[in-house]
Amino acid sequence: MMKVVTRFAPSPTGYIHIGNVRSAIYPYLIAKQNSGKFILRIEDTDRERYVEGATDLIEDTLKWLGLEWDEGPIVGGENGPYFQSERLSIYHEWVKKLIESGRAYADPTPPEKLDEYRKQCVTEKRAFLYRDFRPEKLDFEFREGVPIRFLSDPKPREWNDAVMGKMSAGPEVQDDIVLIKKDGYPTYNFAHIVDDALMGVTHVMRGVEYLSSTPNYLALYEAFGLDVPVLVSLPHILAPTGNKKLGKRDGAKSVTEYREDGVLAEAMLNYLACLGWNDGTEQEIYTKDELISRFSLDKIQSSGARYDEVKLLWMNGQWIRRIFNTQGDKALYDRTIGFWPEVAESYPEEYCLKVLSIIYDRLKTLSDLREMTEYFFKDPEIDVDMIKNNKFLKKLSEAEIEDLYKKAIEKLSSIDNWDADSLQVALNELLEETGKKPAELFSMIRIAISFAPFSPALNLTLETLGKDIALARLNAVARAI
Ligand code: GLU
């Protein structure tokens, strides 16, 4: 049986958006599912769009997501080099083969002339095709500094796309495309055909934007006598509203930003894999291994998949709980390093673990820790208005509030064993003795010890803070009222 070989072929042109990464996940899954090979190839032939450092970012992101490549930069392999800019001689050799067989030619037409042709087509209301302007006598010679074009063979073409189904196109979309540019670099259109062939790629998986160029690619495969690999067009990722492609302005951050915000790699992988694919069940949370075993090309949807950040963050919350519950508090804690408020640095790990264990199930991202836990590490600023304006406390008079704080302090001071159970007993007694509702009494205490919009269960928060600190904070508030 043929070994499955897939590739991710990003261009190092800047930040990594959500769509780029999904184009890496699917080929990875298909390769792993079939015990095949997943190649990383850097398509850096567009020197104008090249961004320094972008390759590092790509590699780092793939590693973070656990999408290890079997061949490519760093790891090497038998089909290198894996940077297209280092393969120029290969493209030249291949284009020379086409020239020799009369299927490619040097085209010295200056850009101004091309512009003229284009304008002429606009005036004549027809699509621009270079072949309509091709000189009668062609120059079948490889020349440095002169673009090389393909001599097309326009005819009806049919092919199968694993996602889009049966496709066909007429001659009107096939042209004498540029293969080698003036600067000696190949175009994407040419280079990927050569590389996929040399690297033994069996499944070409990429964004649907390449579908319209496929007839030209088919002509190239034909001219080289190559088998056409399985072609897989991945649907667009749509903006949260409307019918347009997700763009930078639609609120989606780059993968790096999500990572810095404390989105876990597992959640990112899970979310993106399911953006445009589902296995037909209700399951939403998948580990990487589950994705590898369940993924299938025929369940990739052909229509655009809508990007939904709320869902991504929900999934992240699910993954945070899952890691805590299945791998333990320490495993989750290890992932939170760098996300705590600065003041937490001087506290022992044991204390942070305790805080994490009572707060983790409210986290959507790890960076929530900063705001949600600060009061565990430093006395909050007293804000009397927060108490007075609280929706449960508004109805109480100042004297009543003062009295309740006194009673709470008295009650909590009398506890010898400062643990969650004893605290709960004491809090229940306090409810009975004062005749107040839990919402009133507990809000009062909660605000005084945290001045945060929310906190975990009161007895757990009190237990974690410790008796001295909890009482000191309550006393300070009682005095300030
Ligand atoms: N370099 C192309 C891009 O970044 C890759 C397309 C492909 O996978 O063939 O869009």
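Here, residue 1 is the first one in the sequence, and each next residue gets the next number. Keep in mind it's a predicted model, so treat the numbers as computed, not measured. Counting starts at 1 for both ligands and their atoms, in listed order.
Remark: aromatic rings of F295 and Y26 are close, center separation under 6.0 Å. Note: F190 and F150 fail the aromatic proximity criterion, with ring centroids not under 6.0 Å apart. Between F8 and Y28, the distance from one ring center to the other does not fall under 6.0 angstrom.
If you check which protein heavy atom lies closest to atom 3 (C) of ligand 1, you get Y210 OH, 3.4 Å. Regarding atom 1 (N) of ligand 1, its nearest protein heavy-atom neighbour is E43 OE1, 2.6 Å. If you check which protein heavy atom lies closest to atom 5 (C) of ligand 1, you get A9 O, 3.0 Å. Protein heavy atom closest to atom 9 (O) of ligand 1, with residue, atom name and distance, is Y188 OH, 2.4 Å. Nearest protein heavy-atom neighbour of atom 8 (O) of ligand 1: R7 NH1, 2.7 Å.
Side chains of Y286 and D279: a donor-acceptor N/O pair is present below 3.5 angstrom, by distance only. Side-chain atoms of T365 and S367 form a donor-acceptor pair, as typed in the model, at a separation below 3.5 Å. In this model, no donor atom of one side chain and acceptor atom of the other lie less than 3.5 Å apart for Y185 and D44.
Near R206, the atoms of ligand 1 lying under 4.0 angstrom from a non-hydrogen atom of the residue are 7 (C), 8 (O), 9 (O).
On a distance-only criterion, S11 and ligand 1 share at least one N/O pair closer than 3.5 Å. Among the atoms of P10, none of the N or O lies under 3.5 angstrom from an N or O of ligand 1.
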